[in-house]
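Worksheet: one structure, shown below.
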Amino acid sequence: MLIKNSRDGFCHPVSSEITSQRVYEGRRDLIKLMASGVAGAALTSWASREAHAQGASTVQRPGKLAALPSARSSLAGAATMEKLTDYKDASSYNNFYEFGTDKADPAQNADTLKTTPWTVEIEGLIKKPTKYTLEDLLKLSAQEERIYRLRCVEGWSMVIPWVGYSLSELIKRVEPLSSAKYVEFVTLADHKTMPFVGSRVLDWPYVEGLRMDEAMHPLTLLTFGMYGEVLPKQNGAPVRLVVPWKYGFKSGKSLVKIRFTDKPPATAWNKAAANEYGFFSNVNPTVDHPRWSQATERRIGEDGLFARKRKTLMFNGYEAQVGQLYAGMDLKKFF
Ligand code: MTE
């Protein structure tokens with residue numbers, strides 16, 4: 001059975017089953033506030049004053065969640081000049097199958113996700129296995145705002161101002177062994193708070209993976225916020241990955257474990273349908289999904305009657321930055 005989605009046609013289906021660079025010193029106080037779950041109304045004016053003073057974020061905060069101040073990154077990426085997707089769309093049109101397969105489900109159901117306390121275990125082929133609390137992770141490096149496109153394998157895309165820092169900052173701290181060739185990202189699978197964990201859609205937990213050089217690439221963002229605020233639950237609170245040159249499903253939400261391995265990790269979508277979802281999953285308009293074209297995309301928010309589809313760019317527009325990682329590889333074979 002395929003689950004039909006009203007706006008897109010099909011919803012990330014499996015054929016067999018369903019269908020800046022500057023640290024804000026006031027961060028410690030902010031972290032305390034975030035940990036206590038207090039929303040950041042009092043921080044609003046402080047954050048916007050700071051951002052203005054730094055010439056940093058120009059993004060208007062939605063004012064819904066705790067502020068997460070950041071400085072505009074020099075790695076903002078190819079999407080910087082494009083119009084941002086409305087916060088409302090970015091936080092109400094989501095894929096987070098632990099909370100349901102319809103695009104509206106995560107925003108409706110993710111309230112039950114408990115994000116405090118939160119820890120992320122770092123283990124495997126490293127010298128320094130560590131269990132980080134969210135507060136430790138937030139302190140590890142300066143928060144940056146990076147405007148990245150995220151292009152979903154289903155054919156839609158968004159432009160979002162993410163807040164976080166390069167995953168490489170964390171990786172350097174734990175000192176990978178030379179045998180570490182891949183990184184596995186394990187996300188939360190909690191039956192009590194995630195109503196669809198246990199459904200037959202995927203083999204839970206949702207697991208993703210990157211090659212070591214991909215994980216170390218400065219564009220790979222360990223992400224704690226968007227639009228100047230902490231992540232909404234439906235977008236993968238309290239910490240997720242954003243890998244902007246790969247299809248969106250590589251960007252695992254609500255991370256609980258990062259494991260360094262010598263073999264490619266078995267990823268959730270690859271296990272579900274290996275012929276449809278390869279390990280690399282680089283955005284590539286010349287390699288179609290077996291059941292649909294990847295040549296064009298629909299930008300969320302531009303879906304009026306006369307809205308034209310956009311051409312999908314190689315590596316989602318980040319070819320200059322990441323093309324070298326795949327030099328000499330047959331991208332039709334290693335899709
Ligand atoms: N992470 C988990 N844990 N579960 C999921 O279902 N969906 C993925 C990815 N990360 C998913 C996930 C897919 S298919 C996409 S397109 C992006 O999250 C969507 O992120 P967004 O909702 O912030 O746009």
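Values reported hereafter were calculated over all heavy atoms of this structure, with side chains retained and with hydrogens, waters and symmetry mates removed.
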Qualifying salt bridge (charged side-chain N to carboxylate O under 4.0 Å, His left out) pairs, either residue in residues 313-335, two or more places apart: none
If you measure from OG on S251 to CG on N95, what distance do you get to the nearest 0.5 Å? 11.5 Å
Do L231 and R240 have side-chain heavy atoms sitting under 4.5 Å apart? yes
Shortest non-hydrogen pair, Q234 vs S91, comes out as NE2-O, 2.7 Å
Name the orientation class of the two ring planes belonging to F249 and Y247 (parallel below 30°, tilted from 30 to 60°, perpendicular beyond 60°). parallel
To the nearest 0.5 Å, atom CZ of R151 lies from atom CG of N316 at 7.5 Å
So which heavy atom on D203 is nearest to which on A268, and how close? O-CB, 4.4 Å
Inspect the surroundings of NZ in K88 and state if more than 12 heavy atoms from other residues, nucleotides or ligands are less than 6.0 Å away. no
Would you call R173 and L140 a side-chain contact if the rule is heavy atoms closer than 4.5 Å? yes
May I ask you to test the R211-F280 pair for a side-chain heavy-atom distance under 4.5 Å? yes
The remaining residues in the hydrophobic cluster of F335, counting side-chain heavy-atom contacts under 4.5 Å among Ile, Leu, Val, Met, Phe, Trp and Tyr, are V287
Test salt bridge (Lys or Arg N to Asp or Glu O under 4.0 Å) on K253 and E98; report intermediate values, then the result. CA-CA 10 Å; K253 294 175 166 182; E98 289 84 337; over 6 Å; no
Close side-chain approach of R310 and E302, heavy atoms under 4.5 Å: yes
side-chain hydrogen bond (donor to acceptor under 3.5 Å, both in side chains) with W245: of N282, N284, T220, only one passes, and it is N282
From I122 CD1 over to T130 OG1, what is the distance, rounded to the nearest 0.5 angstrom? 6.5 Å
Can you find a pair of side-chain heavy atoms, one from V256 and one from E121, that are under 4.5 Å apart? no
Closest non-hydrogen atoms of L219 and P244, given as atom of the first, atom of the second and distance, are O-CD, 3.7 Å
Is it true that a side-chain atom of T223 and a backbone atom of L221 form a donor plus acceptor pair closer than 3.5 Å? yes
Look up atom OG1 in T85 and atom CG in L150, then write down how far apart they are to the nearest 0.5 Å. 9.5 Å
Going from CE on M158 to CH2 on W156, what distance comes out if it is rounded to the nearest 0.5 angstrom? 4.5 Å
Taking every heavy atom of F99 against every heavy atom of P195, the minimum-distance pair comes out as CD2-CD, 3.7 Å
Would you say the side chain of E184 lies within less than 4.5 Å of the side chain of V207, judging by non-hydrogen atoms? yes
K64 NZ/CZ over Y227 ring centroid, <6.0 Å and within 45° of normal: no
Within the structure provided, determine whether K103 and N94 are in side-chain contact (heavy-atom separation under 4.5 Å). no
We want to know whether R146 and S166 form a side-chain donor-acceptor pair, criterion being a heavy-atom distance below 3.5 angstrom. yes
Thinking salt bridges, do E214 and K246 make one under a 4.0 Å N-O criterion? yes
What are the two closest heavy atoms between F96 and S254, and how far apart are they? CZ-OG, 3.4 Å
When you compare the side chains of E144 and S73, does any donor N or O come within less than 3.5 Å of an acceptor on the partner? yes
Do W269 and Y97 have ring centres separated by under 6.0 Å? yes
Under a 3.5 Å cutoff, is there a donor and acceptor pairing between the side chains of T312 and E297? yes
With side chains defined as the heavy atoms from C-beta onward, is the minimum distance between P285 and K311 less than 4.5 Å? no
Say you draw a straight line from NZ of K181 to CG of D213; how long is it, rounded to the nearest 0.5 Å? 10.5 Å
